[in-house]
Colleague: 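Handing you a structure now.
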Amino acid sequence: MEKTAGKPITCRAAVCRAAGEALVIEEIEVAPPKAYEVRIKILCTSLCHSDVTFWKMPSSPISIFPRIFGHEAVGVVESVGENVTEVKEGETVVPVFLANCEDCRDCKSKKSNICTSFPFSSAPGMAREGSGTSRFTGSNGETLHNFLAVSSFSEYTVVDIAYVVKISPEIPIDKACLLSCGVSTGVGAAWKVADVEAGSTVAIFGLGAVGLAVAEGARIRGASKIIGVDLNPEKFETGKKFGVTDFINPKEYGDKPVSEVIKEMTDGGADYCFECIGLASLMNDAFTSCRAGWGKTIVLGVEMHGAHLSINTYELLRGKSIEGSLFGGIKAKTDIPLLAQSYLDKELHLDGFITHEIGFEEINTAFDLLSQGKSLRCIIWMNK
């Protein structure tokens with residue numbers, strides 16, 4: 001690392017040049033980190049639904065090509081720029097898509113995890129320089145745009161320190177990778193946003209990785225009933241590993257609303273409902289399914305069609321509430337190390353989320369598996 005510090009690095013990256021096209025392994029150049037930046041050697045990465053969403057998205061101000069996707073990963077610090085003191089060369093780190101500067105009003109508050117110094121944005125660009133800036137250059141000299149401040153589909157990447165979390169080297173690398181996005185989002189939603197308590201009832205709409213992580217969080221908190229709602233009947237067997245006690249396949253109930261089924265199963269409605277798909281109709285179903293008086297609905301899915309949410313205001317007056325959550329309310333620098341410790345203490349189960357492991361050259365297989373609903377998390381090893 002001493003030989004490369006302060007110099008450009010030539011390495012491999014999986015580059016996407018147009019929406020929906022297969023990624024191509026290319027040789028690129030990664031610039032050294034500037035002030036407040038960290039250059040990370042990625043050890044392994046995984047594929048999240050957000051990567052797939054933007055991979056399919058036609059070119060726009062927030063979806064620019066060519067681009068290096070990937071935002072769920074773990075790596076080792078190769079070098080740091082000026083003013084970086086919290087991590088040093090050789091330390092294990094997890095990059096994240098949501099900043100945590102620890103200094104702004106929101107980062108200092110227990111009420112929010114939305115950093116005001118570096119507001120969340122899906123547009124490419126380095127945090128302190130703005131849109132269009134990048135540390136990646138293609139072999140022909142063109143700019144390769146980054147993704148969600150991370151771009152982990154590269155052997156090396158440069159990330160602002162506000163998006164970097166130091167993590168215990170005791171946790172296995174592949175398990176640490178999971179804490180970078182999806183699992184932390186689901187567990188955090190159950191623990192920090194809903195604050196699920198022992199004996200409560202929970203309904204989860206969508207049993208992908210995030211939904212199952214919600215179940216895992218609710219299981220650890222001692223929820224008495226965890227209901228999974230999904231159109232795939234195979235998800236129930238998977239869900240049982242994470243604490244799902246009951247399963248609803250809406251197709252099996254004909255015209256009977258899911259909300260009525262849940263109310264019958266929970267004596268009036270679930271205490272907590274989580275929408276983990278990203279459909280306004282399901283958000284409404286979740287809200288309708290929660291208990292009058294104190295029922296709380298947490299929306300984790302990004303509405304995939306841009307539809308607006310319309311809810312019955314009478315239900316609000318009856319004491320229900322609905323809340324959105326980005327990254328499960330997780331403050332990355334303080335909460336991710338706690339989740340890692342929970343795994344090391346054999347409390348948080350992470351192993352079951354990993355359904356496939358492949359080498360970097362096979363990265364397009366990960367897209368196929370996730371798009372076909374065959375994987376939860378596919379670990380992509382950079383040097384396998």
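Just so it is clear, the structure is predicted and the values come from calculations on it, not from any experiment.
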Colleague: Quick one: does NZ or CZ of Lys240 land under 6.0 Å from the six-membered ring centre of Phe236, within 45 degrees of the ring axis?
Modeller: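 Yes, a cation-pi geometry holds between Lys240 and Phe236.
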Colleague: Using only atom types and a distance under 3.5 Å, with no angle test, would you say the side chain of Glu303 pairs donor to acceptor with the backbone of Ala307?
Modeller: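 At least one qualifying donor-acceptor pair exists.
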Colleague: Would you indicate whether Glu234, at its atom CD, is surrounded by more than 12 heavy atoms from other residues, nucleotides or ligands within a distance under 6.0 Å?
Modeller: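 Not buried by this count: 12 neighbours or fewer within 6.0 Å.
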Colleague: Assess the side chains of Thr201 and Thr266: does a donor N or O sit below 3.5 Å from an acceptor N or O?
Modeller: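 Short answer, no.
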Colleague: Verify the ring-centre separation between Phe153 and Phe360: is it less than 6.0 angstrom?
Modeller: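 No, the ring centres sit 6.0 Å or more apart.
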Colleague: Is there a donor-acceptor contact under 3.5 Å from the side chain of Lys320 to the main chain of Cys290?
Modeller: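 Pair found, side chain donor or acceptor close to backbone of Cys290.
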Colleague: Report the C-alpha separation of Asp106 and Ser112 in whole Å, then their side-chain angles, then the decisive distance to 0.1 Å, and conclude whether the side chain to side chain donor-acceptor pair (under 3.5 Å) test is met.
Modeller: CA-CA 6 Å; Asp106 283 275; Ser112 170; 3.1 Å; yes
Colleague: Got a second to check how far Leu179's CG is from Leu348's CG, nearest 0.5 Å?
Modeller: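 That separation rounds to 7.0 Å.
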Colleague: Where do Thr297 and Ala286 come nearest, in terms of heavy atoms and distance?
Modeller: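 In this case the closest contact between Thr297 and Ala286 is OG1-O, 3.5 Å.
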Colleague: If you round to the nearest 0.5 Å, how far is NZ of Lys374 from CG of Asp368?
Modeller: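 The NZ atom of Lys374 is 8.5 Å from CG of Asp368, to the nearest 0.5 Å.
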Colleague: Strictly under 6.0 Å, is that where the ring centroids of Phe54 and Phe69 end up?
Modeller: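 Between Phe54 and Phe69, the centre distance exceeds or equals 6.0 Å.
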Colleague: Is a side-chain N or O of Ser122 found less than 3.5 angstrom from the main chain of Ile62, in a donor-acceptor match?
Modeller: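 No, the answer is negative, given that no donor and acceptor are paired below the 3.5 Å cut-off.
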Colleague: Can you measure from CD1 (Ile9) to OG1 (Thr4) and round to the nearest 0.5 angstrom?
Modeller: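 Interatomic distance, Ile9 CD1 to Thr4 OG1, rounded to 0.5 Å: 4.0 Å.
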Colleague: Would Val158 end up clustered with Ile64 when hydrophobic side chains under 4.5 Å apart are linked, directly or stepwise?
Modeller: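 Unlinked, Val158 and Ile64 end up in two clusters.
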Colleague: Determine whether the side chains of Gln341 and Asp345 contain a donor N or O and an acceptor N or O closer than 3.5 Å.
Modeller: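 Yes, because at least one side-chain N or O of Gln341 sits under 3.5 Å from a partner of the opposite role on Asp345.
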Colleague: Determine whether a donor-acceptor pair (N or O, by modelled atom type, separation under 3.5 Å) exists between the side chain of Ser375 and the backbone of His356.
Modeller: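 Judged by distance alone, no pair lies under 3.5 Å.
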Colleague: If we ignore hydrogens and angles and just use 3.5 Å, is the side chain of Ser168 paired with the main-chain N or O of Ala340 as donor and acceptor?
Modeller: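 It does not hold such a pair.
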Colleague: Under the salt bridge (Lys or Arg N to Asp or Glu O under 4.0 Å) rule, collect the residues that match up with Arg17, sequence neighbours excluded.
Modeller: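 Once residues adjacent in sequence are excluded, the partners of Arg17 under the salt bridge (Lys or Arg N to Asp or Glu O under 4.0 Å) criterion are Glu26, Glu142.
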Colleague: Hydrophobic clustering (ILVMFWY, side-chain heavy atoms < 4.5 Å, transitive) - are Ile248 and Met283 grouped together?
Modeller: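 No, no single cluster joins them.
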Colleague: Pair Phe367, Trp55 - check ring pair (Phe, Tyr, Trp, His ring centres under 6.0 Å), show working.
Modeller: CA-CA 10 Å; Phe367 280 77; Trp55 169 63; 4.8 Å; yes
Colleague: Please say whether more than 12 non-hydrogen atoms of neighbouring residues, nucleotides or ligands are located less than 6.0 Å from CD in Glu323.
Modeller: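 Yes.
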Colleague: Just so I know, are the side chains of Glu78 and Glu89 near enough to count as touching, which here means a heavy-atom distance under 4.5 Å?
Modeller: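 No, their side chains stay 4.5 Å or more apart.
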Colleague: Does the side chain of Ser342 come under 3.5 Å of the side chain of Glu347 through a donor N or O and an acceptor N or O?
Modeller: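 Yes, a side-chain donor-acceptor pair sits under 3.5 Å.
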Colleague: Of the non-hydrogen atoms in Asn100 and Ala332, which two are nearest, and what is the gap between them?
Modeller: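 Reported closest heavy-atom pair: OD1-N, 3.4 Å.
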Colleague: Looking only at heavy atoms, which two atoms of Asp246 and Met265 are closest? And how far apart?
Modeller: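 The pair with the smallest heavy-atom distance is CB-CE, 3.4 Å.
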Colleague: Would you say Thr10 and Glu27 make side-chain contact, with heavy atoms under 4.5 Å?
Modeller: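 Counting from C-beta outward, Thr10 and Glu27 do come under 4.5 Å.
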Colleague: Decide yes or no for Val229 and Val258: does some side-chain heavy atom of the first lie under 4.5 Å from some side-chain heavy atom of the second?
Modeller: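 They are in contact (side-chain heavy atoms under 4.5 Å apart), so the answer is yes.
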Colleague: Using the side chain to side chain contact (heavy atoms under 4.5 Å, CB included) rule, take Tyr156 and Ile42 through it: C-alpha gap first, then chi angles, then the decisive distance, then the call.
Modeller: CA-CA 6 Å; Tyr156 288 86; Ile42 299 296; over 6 Å; no
Colleague: Does any N or O in the side chain of Arg318 come within less than 3.5 Å of the main-chain N or O of Arg291, such that one atom is a donor and the other an acceptor?
Modeller: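 It does not hold such a pair.
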Colleague: When you compare the side chain of Pro257 with that of Thr288, does any pair of heavy atoms fall below 4.5 Å?
Modeller: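 No; the side chains remain at least 4.5 Å from each other.
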Colleague: Could you tell me whether Phe97 and Tyr163 have their ring centroids closer than 6.0 angstrom?
Modeller: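 For Phe97 and Tyr163, the ring centres are not under 6.0 Å apart.
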Colleague: Rounded at 0.5 Å granularity, tell me how far CG in Leu370 sits from CZ in Arg377.
Modeller: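 Interatomic distance, Leu370 CG to Arg377 CZ, rounded to 0.5 Å: 7.0 Å.
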Colleague: Tell me whether Lys241 is salt-bridged to Glu216, with the criterion being a basic N under 4.0 Å from an acidic carboxylate O.
Modeller: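 The answer is no: the pair does not qualify as a salt bridge.
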Colleague: Does Lys108 reach the side chain of Lys331, with side-chain heavy atoms less than 4.5 Å apart?
Modeller: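 In short, these two side chains do not touch, never coming nearer than 4.5 Å.
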Colleague: Counting neighbours of CD on Glu82 that are heavy atoms of other residues, nucleotides or ligands and sit closer than 6.0 Å, is the number greater than 12?
Modeller: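 Open: at most 12 neighbouring heavy atoms sit under 6.0 Å from CD of Glu82.
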Colleague: Keeping the roles fixed (side chain from Trp294, backbone from Gly319), state whether a donor-acceptor pair exists under 3.5 Å.
Modeller: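 Looks like no, no N/O pair under 3.5 Å.
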Colleague: Quick one: does any side-chain atom of Thr355 pair with a main-chain N or O of Leu376 as donor and acceptor, under 3.5 Å?
Modeller: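 Present.
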Colleague: Taking all non-hydrogen atoms of both residues into account, name the closest pair between Lys34 and Glu37 and its distance.
Modeller: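 The answer is N-OE1, 2.8 Å.
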Colleague: Please round to the nearest 0.5 Å and tell me the distance separating atom CD of Glu72 and atom SG of Cys378.
Modeller: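 SG of Cys378 is found 11.0 Å from CD of Glu72.
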Colleague: Check whether Asn383 reaches the backbone of Leu43 with its side chain - one donor and one acceptor, N or O, closer than 3.5 Å.
Modeller: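 Looks like no, no N/O pair under 3.5 Å.
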Colleague: Any chance CG of Asn140 has more than 12 other-residue heavy atoms, nucleotides or ligands included, within less than 6.0 Å?
Modeller: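 Correct, the count exceeds 12.
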Colleague: Between Asp230 and Phe247, is any pair of side-chain heavy atoms under 4.5 Å apart?
Modeller: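 Yes - at least one pair of side-chain heavy atoms lies under 4.5 Å apart.
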Colleague: Kindly determine whether His71 and Cys48 satisfy side chain to side chain contact (heavy atoms under 4.5 Å, CB included), including the steps that lead there.
Modeller: CA-CA 8 Å; His71 66 283; Cys48 172; 3.4 Å; yes
Colleague: Testing the 3.5 Å rule here: is there a donor-acceptor pair between the side chains of Tyr272 and Glu197?
Modeller: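 Present: a donor and an acceptor within the cut-off.
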Colleague: Can you list the steps and then say if Val96 with Ile336 is a side chain to side chain contact (heavy atoms under 4.5 Å, CB included)?
Modeller: CA-CA 10 Å; Val96 294; Ile336 288 180; 3.6 Å; yes
Colleague: Tell me whether Lys88 at atom NZ has more than 12 heavy atoms from other residues, nucleotides or ligands lying less than 6.0 Å away.
Modeller: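 At most 12 heavy atoms, drawn from other residues, nucleotides or ligands, come within 6.0 Å of this atom.
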Colleague: Within the structure provided, determine whether Phe147 and Pro124 are in side-chain contact (heavy-atom separation under 4.5 Å).
Modeller: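 A side-chain contact under 4.5 Å is absent here.
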Colleague: Is any side-chain heavy atom of Phe120 closer than 4.5 Å to a side-chain heavy atom of Cys115?
Modeller: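 Phe120 does not reach Cys115 side chain to side chain.
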Colleague: According to a hydrophobic-cluster definition based on side-chain heavy atoms being under 4.5 Å apart (Ile, Leu, Val, Met, Phe, Trp, Tyr only), do Ile379 and Ile363 belong together?
Modeller: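 Result: yes, single cluster for both.
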Colleague: Any side-chain to backbone donor/acceptor pair from Lys296 onto Val193? Under 3.5 Å, distance only.
Modeller: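 Checked: pair present.
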Colleague: Taking the cut-offs as 6.0 angstrom to the six-membered ring centre and 45 degrees off its axis, would you call Arg128 and Tyr36 a cation-pi pair?
Modeller: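 Yes, a cation-pi geometry.
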Colleague: Output, in order, the C-alpha distance, side-chain angles, deciding distance and verdict of salt bridge (charged side-chain N to carboxylate O under 4.0 Å, His left out) for Lys7 and Glu29.
Modeller: CA-CA 10 Å; Lys7 304 174 183 176; Glu29 183 178 276; over 6 Å; no
Colleague: For Ile277 and Gly206, work out which heavy atoms get closest and say how close.
Modeller: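 Shortest heavy-atom separation between Ile277 and Gly206 comes out as CD1-CA, 3.5 Å.
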Colleague: Hydrophobic cluster membership, with links at side-chain heavy-atom distances under 4.5 Å among I/L/V/M/F/W/Y: are Val15 and Val150 in one?
Modeller: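 The answer is no; the residues belong to distinct hydrophobic clusters.
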Colleague: So which heavy atom on Ile114 is nearest to which on Leu326, and how close?
Modeller: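 That would be CD1-CD2, 3.9 Å.
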Colleague: Is Phe287 reachable from Leu300 through a run of hydrophobic residues whose side-chain heavy atoms are each under 4.5 Å from the next?
Modeller: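 Leu300 and Phe287: separate clusters.
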Colleague: For the atom pair CD1 (Ile68) and CZ (Phe136), what is the distance rounded to the nearest 0.5 Å?
Modeller: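 Ile68 atom CD1 to Phe136 atom CZ measures 4.5 Å (nearest 0.5 Å).
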